[in-house]
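Each chain gets a letter, A, B and so on, in the order its sequence line appears, and its residues count up from 1. Here the structure is a predicted model, which means the values were calculated and not measured.
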2 protein chains.
Amino acid sequence: MFRPAKFHSTHNREAPPKHVDGPQLLVVEDEPEIRRFLRASLGSHGYRVVEAESGAEALRRSSESPPDLVLLDLGLPDIDGLEVIRQMRAWMTAPIIVVSARGREAEKVCALDAGADDYLTKPFGVEELLARIRVALRHAAGGTEAGESVFAVDGLRVDQARRQVFVGDKEVHLTPIEYRLLTTLVKHAGKVITHRQLLKEVWGPGSVFETHYLRVYMAHLRRKIEPEPARPRVLLTEPGIGYRLASD
Amino acid sequence: MFRPAKFHSTHNREAPPKHVDGPQLLVVEDEPEIRRFLRASLGSHGYRVVEAESGAEALRRSSESPPDLVLLDLGLPDIDGLEVIRQMRAWMTAPIIVVSARGREAEKVCALDAGADDYLTKPFGVEELLARIRVALRHAAGGTEAGESVFAVDGLRVDQARRQVFVGDKEVHLTPIEYRLLTTLVKHAGKVITHRQLLKEVWGPGSVFETHYLRVYMAHLRRKIEPEPARPRVLLTEPGIGYRLASD
DNA sequence: ATCAGTTTTAACGCAATTTTTACGCGCCCC
DNA sequence: GGGGCGCGTAAAAATTGCGTTAAAACTGAT
């Protein structure tokens, strides 16, 4: 199979990936054939593959552009594999999957205790490798705070993941209903929400006609959130219709 | 709650360590010899071992007292192992390590994709099993950091690796439930955890409505941890929602 | 069987929240 | 000018949820 050396995008001719910028994998492996094999298998499954053929290069590459996962062969020419794990763990939290020809149990234990997340003995099946990569990435995704769902306007900040609301840099405490009312407005920020809609989403469909709830709770919110509750800048009234949250 | 006579006291006979306070492992395995072997190996390393010899029993046991980790043999007499994984994953986040005699690659892939975190093929070495258990528990503790997973705020220090809790520089003793409640809060430090979520993770999915458990145990924890239990600085109440552990 | 440590259950006073009620203001239209 | 009407504000009343304590039931070890 002809492959111009200067192209690192090797998967143009093979099964084209769906996500061109999927997770980035750093493959650390000194044997060229295995490297090429991995490059092809992983690339065709949508992973971006970065390669390194020595421990030193692995450390350099990983600090240049932090990978989402490391596939590490322990039998490297220069540095001991365990040392590579330790060095990476010193600053990196991405999962490390060790791939090794030697299957000695003591070695597995050392690698795992040094900070590796999995250990695969050659020869292994590609499907298994892919499955274990999925597991590792699943862990990593769960561990880090994935969705930053913070809304901010004009001194108001709503952090939905933490369920916290700040005005300026002071936290303000909201009761359950106050919070739900505010987040409902945030969800449709900039757009008008009718009384009916708000009541249905916050109090439930049984209270669609209790419009006075809205008045008293909007007053509560404005007192806690607006710098000058009498002249609302964020929680706006649309007379006869409903309310609207200002957005930048 | 009925309890068949034959389960009366299967594991009282051997008397492993005196203070068995470590993480609770659920061992699901139908062959008695392997079960005894695992019980001995794991028990002598400080793990509390709970056993189940069928899929149904495994699901029951795990929802009665949620384990910190599950060791699951796929070849069970009643339910398919994959189904057990799926059922557990429906509510549980604790790691699941599959241990199986059959090493077919497709089976590994299915198990891992169904939600298992690792897959070990028999026969395996105890040391490797122990190492993989450590890896899984390290993940569950939150940080992927190789270093100690210790959490600290405001005079409170929680060392999950050693299962020790300090206030100032004095260690405080926590009962199993108190400790589990605290570590669950630690795992989501800074974020609000709902009553449901806490009850599910600490008492199991059968107790999601027993919110009074939370009140009495939060009182216990505060008395042991807060300098001034009446004015909590670390264990915060989010009225109507749940609780939150202060971070930073 | 007994005992200490732990978990579950029950009860009660208090605090926070929600709901209800009341009143004042500006506006438009008769 | 007066009477609805929609809106904002305030405060009382009702409800719910929370913290606390103590006793009862349970568990595992001696």
| remark: Judged by nearest nucleotide, the residue sitting upstream toward the 5' end of DNA chain C, His220(B) or Ile177(A), is His220(B)

| field | Separation of dG19(D) C1' from Leu236(B) CG (nearest whole Å) | value | 15 Å

| query | Nearest of dT7(C), dT19(C), dT21(C) to any side-chain atom of His212(A)? | reply | dT21(C)

| task | Tell me which nucleotide among dT17(C), dT9(D), dT9(C) gets nearest to the side chain of Arg215(A). | result | dT9(D)

| said: So, does Arg223(B) get its side chain near the phosphate of dT20(D), meaning an N or O under 4.0 Å from OP1 or OP2? | reply: no

| remark: Ranking dT7(C), dC18(D), dT20(C) by distance to the side chain of His195(B), first place goes to dC18(D)

| note | By nearest-heavy-atom nucleotide on DNA chain C, the more 5' of Thr175(A) and Pro176(B) is Pro176(B)

| query | What is the distance, rounded to the nearest whole Å, between atom CZ of Arg231(A) and atom C1' of dC7(D)? | reply | 15 Å

| message | Under 4.0 Å from OP1 or OP2 of dT7(C): is there any side-chain N or O of Trp203(B) that close? | response | no

| query | Which whole-number value in Å describes the distance from Glu238(A) CD to dG6(D) P? | reply | 17 Å

| field | Nucleotide nearest Val216(A) (side chain, heavy atoms from C-beta), chosen from dT21(D), dG19(D), dT20(C) | value | dT20(C)

| task | Choose from dC7(D), dT20(D), dT19(C) the nucleotide whose nearest atom is closest to any side-chain atom of Thr237(A). | result | dC7(D)

| query | Expressed in angstrom and rounded to an integer, what is the separation of Leu199(B) atom CG from dG17(D) atom P? | reply | 14 Å

| note | From CG of Leu214(B) across to C1' of dT7(C) the rounded distance in Å is 14 Å

| request: May I ask you to evaluate whether Tyr217(B) reaches the phosphate of dT6(C), defined as a side-chain N or O under 4.0 Å from OP1 or OP2? | output: no

| task | Taking Lys200(B) for its side chain and Val208(B) for its backbone only, find out whether a donor-acceptor pair lies under 3.5 Å. | result | no

| message | Side-chain N or O of His173(B) versus OP1/OP2 of dT6(C): is the shortest distance under 4.0 Å? | response | yes

| request: Pick out which of Arg35(B), Lys122(B), Arg39(B) makes a salt bridge (Lys or Arg N to Asp or Glu O under 4.0 Å) with Glu29(B). | output: Lys122(B)

| Pro239(B) side chain: which of dT17(C), dC7(D), dA10(D) is closest? | dT17(C)

| Rounded distance (nearest 0.5 Å) linking atom OH of Tyr47(B) with atom CG of Leu25(B) | 6.5 Å

| query | Would you say a side-chain N or O of Arg222(A) is under 4.0 Å from OP1 or OP2 of dG8(D)? | reply | yes

| Can you tell me how far P of dC18(D) sits from CG of Leu235(B), to the nearest Å? | 15 Å

| task | Say whether Arg180(B) and Ser65(B), considering side chains only, have a donor N or O and an acceptor N or O under 3.5 Å apart. | result | no

| said: Regarding Tyr179(A), tell me which of base, sugar-phosphate or nothing describes its non-hydrogen contacts under 4.0 Å with the strands shown. | reply: nothing

| request: Return the orientation label for the Tyr213(A) and Trp203(A) ring planes: parallel under 30°, perpendicular over 60°, tilted otherwise. | output: tilted

| For atom CD1 of Ile241(A) and atom C1' of dC7(D), their distance in whole Å | 14 Å

| task | In whole angstrom, give the distance that lies between atom CE of Met218(B) and atom C1' of dT8(C). | result | 18 Å

| message | side-chain contact (heavy atoms from CB on, under 4.5 Å) for Leu221(A) and Glu226(A)? Distances and angles first, verdict last. | response | CA-CA 8 Å; Leu221(A) 274 183; Glu226(A) 295 278 1; over 6 Å; no

| query | Can you check whether Tyr213(B) has a side-chain N or O nearer than 4.0 Å to OP1 or OP2 of dT9(C)? | reply | yes

